[in-house]
Protein chains: 2
Amino acid sequence: MKIFNFSAGPAMLPEEVMEKAAAEFTNYADSGCGLMELSHRGTEFSDIMQRVEANIRGLMNIGDDYAVCFIQGGASLQFAMVPMNLMLPGGFAEYADTGSWASKAAKEAKLFGDVKIVASSKETNYDRIPVIRHWRPDPKASYLHITSNNTIAGTQYHSFPETEVPLVADMSSDIMSKVIDINSFGLIYAGAQKNLGPSGVALVIIRRDLAERVPEKTPVMLKHKTYIENNSLYNTPPTFGIYMLNLVMEWLKDKGGISAMEEINDAKSEALYELIDSSEFYRSPVDPGSRSRMNVVFRLPSEDLEAKFLSGAKKAGLTGLKGHRSVGGIRASIYNAMPIKGVETLIDFMNEFESANR
Amino acid sequence: MKIFNFSAGPAMLPEEVMEKAAAEFTNYADSGCGLMELSHRGTEFSDIMQRVEANIRGLMNIGDDYAVCFIQGGASLQFAMVPMNLMLPGGFAEYADTGSWASKAAKEAKLFGDVKIVASSKETNYDRIPVIRHWRPDPKASYLHITSNNTIAGTQYHSFPETEVPLVADMSSDIMSKVIDINSFGLIYAGAQKNLGPSGVALVIIRRDLAERVPEKTPVMLKHKTYIENNSLYNTPPTFGIYMLNLVMEWLKDKGGISAMEEINDAKSEALYELIDSSEFYRSPVDPGSRSRMNVVFRLPSEDLEAKFLSGAKKAGLTGLKGHRSVGGIRASIYNAMPIKGVETLIDFMNEFESANR
């Protein structure tokens, strides 16, 4: 049976990518070895490093004033590296609190300076992105941090705050899902395991001048500058993860790039929200203006029905639909790699389940 | 042509492991998805995490007073995490300087306290492990740090210092290549990409009580304690790397465990050193008592001959033999996964090359 995996991350990868990687797993580029067995300083991996950076720069239209880095430790390590690198001496940073991950990011920043919450939706259970025109960002902050898509609550920024200070975004769950203007940001980071590749590598895009802020007495592996100066090869990088990420980039180019992907993502999420809004059975707990196009969160009339829905879905080949353990309900994560066919199959199942159970 | 890859790391993995991983790459355990596409909190990966820890504990005979953790960032991040976690307030640590990696580890420690060099072979170009009976470790040190095998110089500890303070060892390049007594150590760390699996995951084995030393104001991702308390699942771990590492552990068990592997490793390295020592053509720059059984470093009569040797070896299917760029010469890395057949093929090539070129 064909499986559609709606897991929030690690998440499904494009079928073509998985097949290509499987085919050359034990013999990469006729080297007689698997890519993961080859030196990170050999010609094969050096070539991948050049291509992956060029592909990312091309796809996201990134200029030379920004560096593209690959760092281990996921977004969670960036929660600490961002303040370690960008907090000005004796300074403070502003954070928008839009969910569990945003609040974890702010918590790490407090170890390195003061943190002000510029906006929060905590009181309404993180059901929305606070209305941006009401924010009053402080021009003296070291930086302003946002979480562009909130996987647990199912919310997403559909525009970004304008500010004089560097805007830092955790884009782990919506990077490359829609066109953005890189020049609006000081630093963008994203764990790969949702839209980019397997877990174990984070993509960090940083305006080069900001990397100079880092205090000298910072461990070398925790300075963004180290990765910039060594093309992410100061130490052995996660070579196989970067190779997979590059295959995903090449797939994305083949599909027409990010703007083409954005159209597909809009169509996928709109189809799901339309069904939810037109039904008396399914219900979205998320403010309509803040709904995520990546993680479609919804509820059924009861938790019993939700459990029945999940087990029926699994039998129908639709897996990974359980909401995050902290909020319950159903969550369909529909990142770039989820084909329209997967969403159509889910919609058919939802209609049938509603007919049988309402 | 069959390739034998003598790369220092990332390095060759057992053929059986590579074939198994390739076969189930797109469909792990009949899930319909690749392992790297599955949630780190799902049953499939939870099962791998349980097995890998049990396998490591069994292979290395690790008791409950030690925790087994998987951390991103390689040994290089441990260079900083060790002092962040183990340096006592206002304290100092002792480091043995036996090479480039040992000295990088000491450099990071200086950010968190004083560092004393307990022993060094820097003056003789790191050609040996300083004679341990001459060391005078300070019982007031927070810990004593050694690098058990030095990949660049080709040296290895064949016994360990006895000390009252926790002994910390970077075992990146010889972990599980020979039997050790875990109870002699406070903390052992190892990047996986030599003896354990692919790059992107480090194994850290730590005596549980030592993990309590960490100052509260340490970033959560940089506390060993976080990994202990969350079974290395505080954030998304490098799932595919850990899966590969577990396949290597199962292969190692099938081969008879570490003591069986140690015998093979002794035979492989002895055969190479015997050839080198009996030849007037090849020469070992390493003190005989300190020679590594993992990285056999040797020189030829001239750099021109070394270049010719490398290109001839490559044509014969023997790759990755170039010495580290900082020292030159030839280096044959013969970790667990290198079969005896690979070493025999190298020896045949060396004999033929000597006959043709002396």
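Order of the sequence lines sets the chain letters (A, B, ...), proteins ahead of strands, with each chain counted from 1. Computed over heavy atoms, backbone and side chain alike; hydrogens, waters and symmetry mates excluded.
- Note on A:A75, A:P238, A:G73, A:A80: by heavy-atom pairs under 4.5 Å with chain B, the leading option is A:G73.
- Applying the ring-ring contact (aromatic ring centres under 6.0 Å, His included) criterion to A:F25, with sequence neighbours excluded, gives A:F240, B:F25.
- Annotation: maximal heavy-atom pairing with chain A below 4.5 Å, among B:A192, B:A22, B:G9, occurs at B:A22.
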Pairs of donor and acceptor atoms, chain A with chain B, under 3.5 Å:
| from | atom 1 | to | atom 2 | distance (Å) |
| --- | --- | --- | --- | --- |
| A:N5 | ND2 | B:E37 | O | 2.8 |
| A:L13 | N | B:E37 | OE2 | 2.7 |
| A:E37 | O | B:N5 | ND2 | 2.8 |
| A:E37 | OE2 | B:L13 | N | 2.7 |
| A:Q72 | OE1 | B:G73 | N | 2.7 |
| A:G73 | N | B:Q72 | OE1 | 2.7 |
| A:G73 | O | B:N235 | ND2 | 3.2 |
| A:E108 | OE1 | B:V220 | N | 3.0 |
| A:Q193 | NE2 | B:T236 | OG1 | 3.3 |
| A:S199 | OG | B:P237 | O | 2.7 |
| A:S199 | OG | B:T239 | N | 3.1 |
| A:S199 | OG | B:T239 | OG1 | 3.4 |
| A:V220 | N | B:E108 | OE1 | 3.0 |
| A:N235 | ND2 | B:G73 | O | 3.2 |
| A:T236 | OG1 | B:Q193 | NE2 | 3.3 |
| A:P237 | O | B:S199 | OG | 2.7 |
| A:T239 | N | B:S199 | OG | 3.1 |
| A:T239 | OG1 | B:S199 | OG | 3.4 |

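- For B:F45, no part sits under 4.5 Å from any heavy atom of chain A, backbone or side chain.
- Neither the backbone nor the side chain of A:F4 comes within less than 4.5 Å of any heavy atom of chain B.
- For A:L111, the part lying near chain B is the side chain, with the backbone staying farther off; criterion is any non-hydrogen pair under 4.5 Å.
- Side-chain contact check for A:P10 versus B:L38: every heavy-atom pair is 4.5 Å or farther apart.
- Highest contact tally toward chain A, considering only B:V201, B:I71, B:L222, is held by B:L222 [criterion: heavy-atom pairs under 4.5 Å].
- With a threshold of 4.5 angstrom between heavy atoms, A:P83 does not approach chain B through any atom at all.
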